[in-house]
Protein chains: 2
Amino acid sequence: MRGDLYAADCPSRQVLDRIGDRWSVLVVSTLADGTLRHGGIAGRIHGITPKMLTQTLRGLERDGLVHRTVYAEVPPRVEYGLTDLGHDLVGLMRRLEDWAETHIGDVESARSDYDARATASRK
Amino acid sequence: MRGDLYAADCPSRQVLDRIGDRWSVLVVSTLADGTLRHGGIAGRIHGITPKMLTQTLRGLERDGLVHRTVYAEVPPRVEYGLTDLGHDLVGLMRRLEDWAETHIGDVESARSDYDARATASRK
DNA sequence: CTGTATCCTCTCTGATACTG
DNA sequence: CAGTATCAGAGAGGATACAG
């Protein structure tokens, strides 16, 4: 049977919440092609702050989507990469991106129509 | 070429934002099997307030995912249903749900491990 | 370089009461 | 029945400064 979408603690909800947060998808997507260091990720995602990057990475690491490797060097080096689970999820994210790119035109024209109608009927 | 995921106004971002909001996925999912009235939706989604339901429906309608039909009767009747675009998106949502159900066990054990390690190393 | 610690704002969300 | 209006709380996210 299907999970109960209406329960706040439903698996679907949790996955959706993660996908919905501001940076997780971007970070996972950035790591899709290989491991990167903290600074390397920050450089590719415009606008992310160190705090949010760390916070996002911790959440992904906790969920088993990202693995973190610390090299005992001076200066310290820390690399992040996707786990098998993370790679698996990337596939789904790509489909979402594809859908967005394929249908964004429809969405935008729908918005224009809607806004035009709303403006026309404004009292 | 791919869209620029790193831009805040990227199509992917907008779709992701909608999926991430609290009620949109639930509402779309509820409408997947057929049209429903305002009260009918509210009755199936436990915890949603009239205000949030209306707000969510307006957003979905604006994006062309849901269509709204008003019947000039007494008392008034308003029905909501998915557009073709909405039905298309439901397919993707189902895959997300399937992924969640398949892998939630992995995620949960990863969390347990992570939390156990964090507790063990707490200063 | 790789984070951590504060503070602060802003949006989302909910509770409540009211209208056509 | 199907909303709308208003107020208020909570929490995510951002700016900034600092530490190992």
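By convention in this document, chain letters (A, B, ...) are assigned in the order of the sequence lines, proteins followed by strands, and residues within each chain are numbered from 1.
Tyr114(B) and Val28(A) fall into different hydrophobic clusters, where Ile, Leu, Val, Met, Phe, Trp and Tyr side chains are chained together by heavy-atom contacts under 4.5 Å. Val70(A) and Ile41(A) fall within the same hydrophobic cluster, defined by Ile, Leu, Val, Met, Phe, Trp and Tyr side-chain heavy atoms under 4.5 Å apart, directly or through other members.
Screening Arg18(B), Gln14(B), Arg58(B) for a side-chain hydrogen bond (donor to acceptor under 3.5 Å, both in side chains) involving Asp63(B) leaves a single residue, Arg18(B).
When rounded to the nearest whole Å, the span between CD1 of Ile48(B) and P of dG14(C) equals 8 Å. When the C1' atom of dG3(C) is taken as reference, atom CD of Glu61(A) falls 13 Å away, rounded to whole Å. Computed from coordinates, the His46(A) NE2 to dG14(D) P distance equals 12 Å when rounded to whole Å. Put simply, CG on Leu36(B) is 15 Å from C1' on dC1(D), counting in whole angstrom units.
Residues Arg94(B) and Ser29(B) bring a donor and an acceptor atom of their side chains to less than 3.5 Å of each other.
With distances taken from any side-chain atom of Arg22(B) to the nucleotides dA2(D), dT13(C), dT2(C), the minimum falls on dT13(C).
Residues Arg22(A) and Ile48(A) have side chains not in contact (no heavy-atom distance under 4.5 Å, counting atoms from C-beta outward).
Residue Arg18(B) has no polar side-chain atom (N or O) positioned under 4.0 Å from OP1 or OP2 of dC12(C).
Using a 4.0 Å cut-off on heavy atoms, the residues of residues 50-59 of chain B that approach DNA chain D are Lys51(B), Thr54(B), Arg58(B), listed by number. Near-neighbour residues of DNA chain D inside residues 69-80 of chain A, defined by a heavy atom below 4.0 Å, are absent.
Residue Asp84(A) places its CG atom among 12 or fewer non-hydrogen atoms of other residues, nucleotides or ligands, all under 6.0 Å distant.
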